[in-house]
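Reviewing the structure listed below.
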Amino acid sequence: MSTDPARRLIDPERVAAAVDGLGDRGVIEEWAQRFSVVADPSRLALLVSIHYAREISVTDLAAVTGMTDTAVSQALRLLRAHGLVTTRRDGRVVRYRLADATVHELIHRVRPHPEEHPEKHQGEPTGPGEDR
């Protein structure tokens with residue numbers, strides 16, 4: 001445990017579990033940077049679009065999001081540098097896709113597929129943190 005030994009703890013077992021779960025601070029920093037990249041609405045829109053399309057070109061992403069090809073290319077370059085998207089060349093066309101299962105799952109949580117969310121019954125919570 002990396003806490004100050006002179007500090008009084010209320011629940012040392014929970015502190016130990018939290019310290020273990022926190023793990024390497026470098027990983028936390030890496031994910032904080034990834035989240036800051038995703039925090040931009042345009043880049044998030046690109047990621048969500050890629051999620052649904054599975055693979056999609058710059059030109060098609062520009063049409064979907066209403067951005068210019070240049071703006072899409074610049075955003076994708078940043079997303080790729082942070083490991084959020086990857087490419088596959090199909091002849092002259094470069095198609096973008098989500099880089100890994102973790103990114104896919106994060107985007108899926110932000111905007112789940114409609115067919116996986118049946119209508120909520122009256123009285124059921126509709127989102128996180130809502131009471132029944």
Side-chain angles (χ1 to χ4, degrees):
M1 202 167 17
S2 65
T3 60
D4 178 1
R7 181 178 292 255
R8 179 180 169 271
L9 302 176
I10 294 171
D11 193 343
E13 294 80 21
R14 290 180 191 253
V15 171
V19 168
D20 289 345
L22 188 57
D24 181 3
R25 299 288 173 115
V27 172
I28 297 294
E29 179 62 31
E30 178 185 321
W31 273 100
Q33 288 176 3
R34 288 177 121 186
F35 284 132
S36 72
V37 169
V38 174
D40 175 79
S42 296
R43 292 189 293 259
L44 183 56
L46 291 171
L47 289 169
V48 171
S49 298
I50 294 166
H51 170 78
Y52 278 98
R54 305 260 182 217
E55 285 189 331
I56 190 167
S57 69
V58 169
T59 300
D60 291 345
L61 277 169
V64 168
T65 60
M67 298 167 64
T68 65
D69 284 15
T70 302
V72 169
S73 291
Q74 289 173 350
L76 288 170
R77 191 171 13 260
L78 183 63
L79 292 170
R80 191 172 181 196
H82 284 274
L84 297 168
V85 298
T86 188
T87 61
R88 182 182 67 83
R89 184 168 289 281
D90 185 14
R92 291 180 32 192
V93 177
V94 176
R95 300 186 191 281
Y96 286 81
R97 61 183 170 212
L98 297 180
D100 60 34
T102 303
V103 175
H104 173 79
E105 182 63 25
L106 286 171
I107 299 304
H108 186 75
R109 297 263 181 202
V110 169
R111 183 82 172 103
H113 292 278
E115 66 273 8
E116 294 178 13
H117 265 279
E119 289 185 34
K120 294 284 183 179
H121 295 92
Q122 192 171 25
E124 286 188 18
T126 57
E130 293 187 6
D131 294 330
R132 286 191 171 253

Heavy-atom side-chain proximity of V103 to R34 below 4.5 angstrom: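 Yes. Closest side-chain heavy atoms under 4.5 Å.
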What distance do [X] atom [atom1] and [Y] atom [atom2] have between them, rounded to the nearest 0.5 Å?
{"X": "I50", "Y": "H104", "atom1": "CD1", "atom2": "NE2", "value": "13.0 Å"}
{"X": "T65", "Y": "D60", "atom1": "OG1", "atom2": "CG", "value": "10.5 Å"}
{"X": "L84", "Y": "Y96", "atom1": "CG", "atom2": "OH", "value": "13.0 Å"}
{"X": "R95", "Y": "L61", "atom1": "CZ", "atom2": "CG", "value": "11.0 Å"}
{"X": "T86", "Y": "E55", "atom1": "OG1", "atom2": "CD", "value": "9.5 Å"}
{"X": "Q74", "Y": "T68", "atom1": "CD", "atom2": "OG1", "value": "7.5 Å"}

Ion pair check, R109 and E105, cut-off under 4.0 Å: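 A salt bridge links R109 with E105.
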Side chain to side chain contact (heavy atoms under 4.5 Å, CB included) evaluation trace for R54 with R97: CA-CA 6 Å; R54 305 260 182 217; R97 61 183 170 212; over 6 Å; no
Any idea which heavy atoms bring [X] and [Y] closest together, and the distance?
{"X": "G83", "Y": "A99", "answer": "O-CB, 3.1 Å"}
{"X": "R80", "Y": "T87", "answer": "NH2-OG1, 3.4 Å"}
{"X": "V85", "Y": "L76", "answer": "CG2-O, 4.0 Å"}

Could you see if [X] belongs to whatever hydrophobic cluster contains [Y]? Use Ile, Leu, Val, Met, Phe, Trp, Tyr and a side-chain cutoff under 4.5 Å.
{"X": "Y52", "Y": "V72", "answer": "yes"}
{"X": "F35", "Y": "I107", "answer": "no"}
{"X": "V94", "Y": "M67", "answer": "yes"}

Distance-only donor-acceptor hits, side chain of residues 41-49, under 3.5 Å, sequence neighbours excluded:
residue, atom, partner, partner atom, Å
R43, NE, V37, O, 2.7
R43, NH2, V37, O, 3.3
S49, OG, A45, O, 2.8

Within 6.0 Å of CZ in R88, more than 12 heavy atoms from elsewhere: yes
Steps toward side chain to side chain contact (heavy atoms under 4.5 Å, CB included) verdict (W31, T102): CA-CA 11 Å; W31 273 100; T102 303; 3.4 Å; yes
